[in-house]
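In what follows, a single structure is set out as structure tokens and then discussed.
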Amino acid sequence: MAPSSSSSPSPKNSRYEQQWQPHLPDECWESIFKHLNNPYDHESLSLVSKHFPFHHQPPPHQPHRLPPHPPSPSCPPPPLHQPHHHKIGSYYTGDINAVLSQIASFDLPSLHSLDISNHRSCTFLSHGLREFSKKFPTLKSLNCSWTQQDLVLIAECFPNLEEINVRYPKPSVFPDADLQVKALTSGLKMLRKVDLSGTNILGNSSIFTFCQNCVFLEELFVDETGSLSNIGIANAIRQRPQLRSLAVRSKNVTYELIDALVCLKDLTCLDLPFAYIYDEALCALAEQGLPLRKLSLRGCMGCG
């Protein structure tokens with residue numbers, strides 16, 4: 001016979017409520033955190049456990065995100081435990097320069113990636129990034145898309161970057177475009193992955209110089225970028241035959257571009273959005289036996 005539930009203390013017993021403290025092992029909390037994608041879920045969870053701030057530690061494969069509002073002295077932020085990736089979400093309303101300076105005071109020897117994308121700051125985060133770079137000069141990955149940007153300062157602070165995302169800067173026109181190109185082509189030579197979609201700084205000559213100088217480049221995204229022509233793109237990507245991923249927008253995919261693409265023997269991902277492309281061109285690409293795993297032709301016409 002199942003034990004009677006009547007033996008359990010009554011929920012109305014306030015004394016029992018005070019003495020009874022629910023406990024979950026740290027492993028259980030970690031399992032719960034793996035399923036939390038929305039930072040606002042943390043607020044509800046904090047009502048369940050008074051020890052939530054002490055348990056809260058992002059898994060190694062997830063970025064650490066700051067709360068939506070600046071922490072107050074009475075409610076300090078949860079401790080950081082050497083996250084690999086630090087993301088300051090666009091929902092954060094505090095002073096990001098101050099936050100970057102504060103992060104620089106933490107002991108985070110394994111931090112190698114920073115995401116400050118989609119922020120509405122009317123100026124580039126120069127002060128914060130300078131302070132941040134003093135502590136983390138070997139940063140490997142930076143995402144500052146959809147924000148104010150300064151490639152000259154980025155190259156100065158983080159010359160060892162391997163990944164950079166500066167897509168769709170705000171405003172869309174870079175000031176001092178010549179200096180920005182020089183910083184990109186000469187100051188960031190370790191780049192393996194770069195997203196320059198929606199910028200105005202690249203022309204045929206500059207993208208050629210960029211591909212020529214960045215000898216480790218493997219992934220290039222130049223959708224809606226400057227005044228690139230098929231010949232300009234073709235000449236550039238021939239400088240980097242080890243490219244594995246390429247996204248480029250061209251009004252017409254010509255045979256000059258196809259001839260260059262078939263030289264990329266390691267190409268696994270190709271995105272040619274909103275282009276006019278002939279079936280013959282696609283067949284010529286397919287016949288080369290490239291190891292493509294993903295081919296995106298969204299918005300394309302002329303094929304099929």
Side-chain angles (χ1 to χ4, degrees), residues 84-88 96-97 99-101 103-104 108 111-119 121-228 232 236-237 239-240 242-243 245-247:
H84 298 285
H85 179 146
H86 202 101
K87 177 180 175 64
I88 304 176
I96 303 174
N97 274 301
V99 170
L100 290 172
S101 298
I103 295 172
L108 302 171
L111 190 147
H112 59 70
S113 179
L114 176 66
D115 187 337
I116 53 174
S117 59
N118 288 286
H119 283 289
S121 176
C122 59
T123 59
F124 189 64
L125 307 174
S126 303
H127 174 73
L129 285 180
R130 287 187 187 278
E131 292 298 312
F132 185 90
S133 67
K134 292 177 183 178
K135 183 67 174 289
F136 307 105
T138 59
L139 192 76
K140 300 300 182 184
S141 177
L142 176 64
N143 183 351
C144 51
S145 58
W146 300 92
T147 64
Q148 286 273 354
Q149 296 163 10
D150 186 343
L151 291 175
V152 176
L153 186 139
I154 290 174
E156 176 187 334
C157 292
F158 309 109
N160 297 306
L161 280 178
E162 296 179 6
E163 299 182 9
I164 187 171
N165 185 341
V166 291
R167 64 185 289 121
Y168 298 101
K170 294 184 177 182
S172 59
V173 178
F174 269 103
D176 302 320
D178 291 340
L179 290 177
Q180 303 290 331
V181 169
K182 184 177 180 180
L184 181 67
T185 58
S186 302
L188 297 171
K189 294 184 178 181
M190 304 297 292
L191 287 174
R192 292 187 300 103
K193 178 179 180 180
V194 59
D195 192 337
L196 294 162
S197 300
T199 65
N200 71 310
I201 64 173
L202 287 183
N204 290 335
S205 175
S206 55
I207 194 175
F208 179 87
T209 304
F210 172 69
C211 288
Q212 189 178 50
N213 289 353
C214 295
V215 297
F216 303 107
L217 191 64
E218 296 179 347
E219 300 181 59
L220 177 62
F221 304 91
V222 286
D223 185 11
E224 290 189 315
T225 304
S227 54
L228 300 177
I237 62 178
Q239 304 301 309
R240 296 273 66 85
Q242 78 273 19
L243 279 178
S245 184
L246 176 66

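Here, residue 1 is the first one in the sequence, and each next residue gets the next number.
- Under the side chain to side chain contact (heavy atoms under 4.5 Å, CB included) criterion, Thr185 pairs with Val181, Thr209, Phe210, Asn213, not counting sequence neighbours.
- Under the side chain to side chain contact (heavy atoms under 4.5 Å, CB included) criterion, Asn204 pairs with Leu228, Ser229, sequence neighbours left out.
- Between the side chain of Glu156 and the backbone N or O of Arg130, no donor-acceptor pair lies under 3.5 Å.
- Sorted by first and then second residue, the salt bridge (charged side-chain N to carboxylate O under 4.0 Å, His left out) pairs with a member in residues 136-146 read Lys140-Glu162; sequence neighbours excluded.
- When all heavy atoms of Gln242 and Val215 are compared, the closest pair comes out as NE2-O, 2.8 Å.
- Between Glu218 and Lys193, no side-chain nitrogen of the basic residue sits less than 4.0 Å from a carboxylate oxygen of the acidic one, so the salt-bridge criterion is not met.
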Self-check item: side-chain contact (heavy atoms from CB on, under 4.5 Å) evaluation trace for Asn165 with Phe221
Solution: CA-CA 9 Å; Asn165 185 341; Phe221 304 91; over 6 Å; no
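- Remark: Gln212 engages no residue in a side chain to side chain donor-acceptor pair (under 3.5 Å) (not counting sequence neighbours).
- When all heavy atoms are compared, the tightest approach of Leu139 to Ser113 is CD1-N, 3.7 Å.
- Each of Leu100, Val99, Leu125 was compared with Phe132 under the side-chain contact (heavy atoms from CB on, under 4.5 Å) criterion, and only Leu100 meets it.
- Partners of Phe208 by ring-ring contact (aromatic ring centres under 6.0 Å, His included), not counting sequence neighbours: none found.
- Considering every non-hydrogen atom in both Cys214 and Leu188, the closest pair reads SG-O, 3.5 Å.
- Remark: Ser101 pairs with His127, Glu131 by the side chain to side chain contact (heavy atoms under 4.5 Å, CB included) rule, at least two apart or across chains.
- Looking at residues two or more places apart in sequence or on another chain, you find a side chain to side chain contact (heavy atoms under 4.5 Å, CB included) between Cys211 and Ile207, Leu217, Leu220, Ala236, Gln239, Arg240.
- By the side chain to side chain donor-acceptor pair (under 3.5 Å) test, Ser145 is found to be paired with Asn143, residues two or more places apart in sequence or in another chain being considered.
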